[in-house]
Amino acid sequence: MQHAARYVSTRGAAPVADFAEALLRGMAPDGGLYMPVDWPTLTPDAWAPDRAYAEMAQTTMTPFIGAALPKGALDRGLDRLIAGFVPPEVTPLRQLEDGLYLLELFHGPTAAFKDLAMQLAAALSAEALAASGERLTLVTATSGDTGAAAVAAFANQPRIRLIVLHPHERVSPVQRRQMTTVDADNVLNLAVRGDFDDCQRLVKGLLADESLRAHGRFSSVNSINWSRLAGQIPYYLSAVSQLAAQGETRPPVFVVPTGNFGDAFAGIAASKMGLPTRGLVAAVNGNDALARAINEGVYARRAAVETSSVSMDVQAPSNFERLVYEASGRDADLTRGLFSDFARDGRVTLPDELLAALRREVSAVSVDEATTRAQIAQAHAAWGQVVCPHTAVALSVARGVDRSAGPVVALATAHPAKFGKDVAPVVGFNPDPPEVIRAIGDRAERFEVIGADAVEALAAVRDFAA
Ligand SMILES: *Cc1c(COP(=O)(O)O)cnc(C)c1O
């Protein structure tokens with residue numbers, strides 16, 4: 001096995017795993033997150049101006065996979081990924097004004113950036129299961145985007161079942177229909193009479209339920225899965241490649257709209273692998289635990305606030321653990337101690353040395369709702385560009401970043417038509433939906449409504465997984 005293709009847990013007490021094991025497990029058995037034992041290094045030809053997305057993804061991901069999947073698995077996965085996106089750039093870079101760019105990550109099957117990693121994770125999971133002969137049941141809670149991307153990716157994948165719990169009547173009609181109109185017997189949508197936290201609680205209970213083990217592996221599809229992280233690294237290369245093609249060879253600053261810190265950590269991984277950048281800024285909404293940790297040195301849980309950038313309404317960003325592990329010089333004892341204190345007390349003070357190291361990796365800025373709305377308006381007025389609330393959070397931070405030493409790239413994570421309710425009142429019209437949303441039309445929906453109750457959830461899952 002190549003070096004980078006071996007995975008250790010951030011908490012240091014799990015056996016070393018290969019890519020397939022990390023992929024199918026999601027979380028490490030000691031409660032930590034999988035990390036490659038070292039970072040593969042890329043050379044500048046990896047992001048040369050004329051490279052196709054599939055080539056960049058191939059170069060980035062091959063060392064992470066090693067020999068853990070059947071021959072050709074990555075190529076087949078990438079063919080499927082690319083086929084679902086708008087060619088040729090896959091993730092086009094759009095210049096807004098001098099030195100300021102948007103990297104558009106929403107031209108895939110569900111019009112949000114999670115498609116990029118999820119499509120690949122699904123194809124690679126099917127390959128791993130075909131090789132091992134196992135079956136996998138995935139359970140996930142969603143407030144919208146994750147569920148839609150997961151359904152689109154895992155529908156009709158052999159040996160895999162997918163169960164998605166969404167809060168009944170609390171996801172947007174577009175997001176619900178993206179999940180419920182799929183024609184696939186391996187997908188079960190449960191609409192829970194409750195909120196997103198109820199859905200998450202039920203998923204936790206299901207994943208811990210011993211009686212379900214008889215049906216094969218159980219896991220989740222959230223962004224702690226290493227395969228999803230790895231699948232997000234290539235678009236950072238794509239941004240640098242497209243900048244060079246447009247004559248801009250100075251390294252960019254990336255500004256990333258952040259919830260669970262998966263997208264942002266992929267950017268940090270890209271720079272560890274050698275991609276030239278001038279830094280990374282995590283832009284968060286009013287759910288600002290990450291920004292307070294980086295800026296004030298205290299990582300503390302607070303009550304959730306509802307915002308228009310709903311996919312970033314995250315209290316304790318799960319991938320912060322990967323950042324702490326990396327910034328501490330891969331100190332698993334420190335990481336385990338810190339996150340078990342946080343789980344117990346809801347609050348930890350970061351040691352000075354760690355804090356300094358974290359600040360070398362990332363800076364973080366919180367953006368309020370009024371600023372987000374103002375940014376949606378400004379982007380439309382100045383550039384004729386309609387952006388979703390998540391993208392607006394990043395863009396408002398990006399506009400404040402110094403451009404004298406090089407370009408600034410904000411990541412655009414969802415198509416604005418998915419968030420018409422928030423965008424239309426600001427710009428004065430409903431954004432035109434992309435073809436993938438129009439195509440849903442009036443297809444029939446399939447979902448089952450259940451109470452926010454562990455017994456009901458277990459019964460529904462048993463019926464389905466049997
Ligand atoms: C999930 C999501 C984010 C946040 O990404 P993380 O990896 O959780 O930080 C941002 N924008 C949109 C549209 C999303 O769906």
Side-chain angles (χ1 to χ4, degrees), residues 33 91 102-119 121 140-153 166 171-172 174-175 178-179 196 200 220-233 235-236 254-270 280-285 287-291 294 307-323 362 364-367 372 376 387-397 410-420 422-423 431 434 437:
L33 279 63
T91 56
L102 269 188
L103 182 66
E104 294 185 348
L105 305 176
F106 53 75
H107 296 287
T110 70
F113 93 100
K114 289 186 176 70
D115 288 328
L116 282 154
M118 200 79 86
Q119 288 285 323
T140 193
T142 186
S143 54
D145 277 350
T146 302
V151 168
H166 71 264
V171 300
S172 80
V174 171
Q175 289 178 320
Q178 284 186 313
M179 296 189 276
F196 176 60
Q200 276 194 306
S220 186
V221 289
N222 51 32
S223 70
I224 64 165
N225 196 300
W226 174 257
S227 74
R228 283 190 52 194
L229 253 300
Q232 294 172 166
I233 299 172
Y235 51 72
Y236 286 93
F254 287 104
V255 183
V256 187
T258 292
N260 262 322
F261 201 71
D263 195 358
F265 193 81
I268 290 173
L280 189 133
V281 187
V284 300
N285 62 29
N287 297 284
D288 61 350
L290 179 82
I294 302 290
T307 75
S308 55
S309 48
V310 56
S311 298
M312 292 154 57
D313 288 350
V314 173
Q315 277 320 289
S318 37
N319 285 292
F320 184 51
E321 180 161 340
R322 284 197 164 103
L323 182 67
V362 68
V365 181
S366 166
V367 175
T372 306
I376 293 172
V387 296
C388 85
H390 312 76
T391 305
V393 167
L395 201 46
S396 78
V397 173
L411 273 53
T413 47
H415 193 288
K418 287 188 88 168
F419 299 90
D422 304 292
V423 174
I437 291 177

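Remember, it's 1-based here, ligands and their atoms both numbered in the order they're listed. The model shown is predicted, which means the values in this text are computed figures rather than measured ones. In what follows, residues are counted from 1 in the order of the sequence shown. The figures that follow rest on heavy atoms only: side chains count, while hydrogens, waters and symmetry mates do not.
For ligand 1, none of its N or O atoms has an N or O atom of T258 under 3.5 Å away. When only interatomic distances are considered, the shortest N/O to N/O separation between G262 and ligand 1 falls below 3.5 Å. Ligand 1 has no N or O atom lying under 3.5 Å from any N or O atom of M312, backbone or side chain.
Here the options are Q178, Q175, M118, the test is side-chain contact (heavy atoms from CB on, under 4.5 Å), and the partner is T110; only Q178 passes.
Heavy atoms of D145 found under 4.0 angstrom from ligand 1 belong exclusively to the side chain. The part of F261 lying near ligand 1 is the backbone, judged by heavy-atom distances below 4.0 Å.
The backbone N or O of S311 sits less than 3.5 Å from a side-chain atom of H390, completing a donor-acceptor pair.
Assignment of F265 to the shell around ligand 1 is not supported, since no heavy atom sits closer than 4.0 Å. At least one heavy atom of P257 sits less than 4.0 Å from an atom of ligand 1.
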Before giving the answer on side-chain contact (heavy atoms from CB on, under 4.5 Å), spell out for V171 and M179 the whole-Å C-alpha distance, their side-chain angles and the decisive distance to 0.1 Å.
-> CA-CA 11 Å; V171 300; M179 296 189 276; 4.3 Å; yes

Could you walk me through whether R322 and N319 pass side-chain hydrogen bond (donor to acceptor under 3.5 Å, both in side chains), step by step?
-> CA-CA 5 Å; R322 284 197 164 103; N319 285 292; 2.7 Å; yes

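There is a side-chain donor-acceptor pair under 3.5 Å between T307 and N285.
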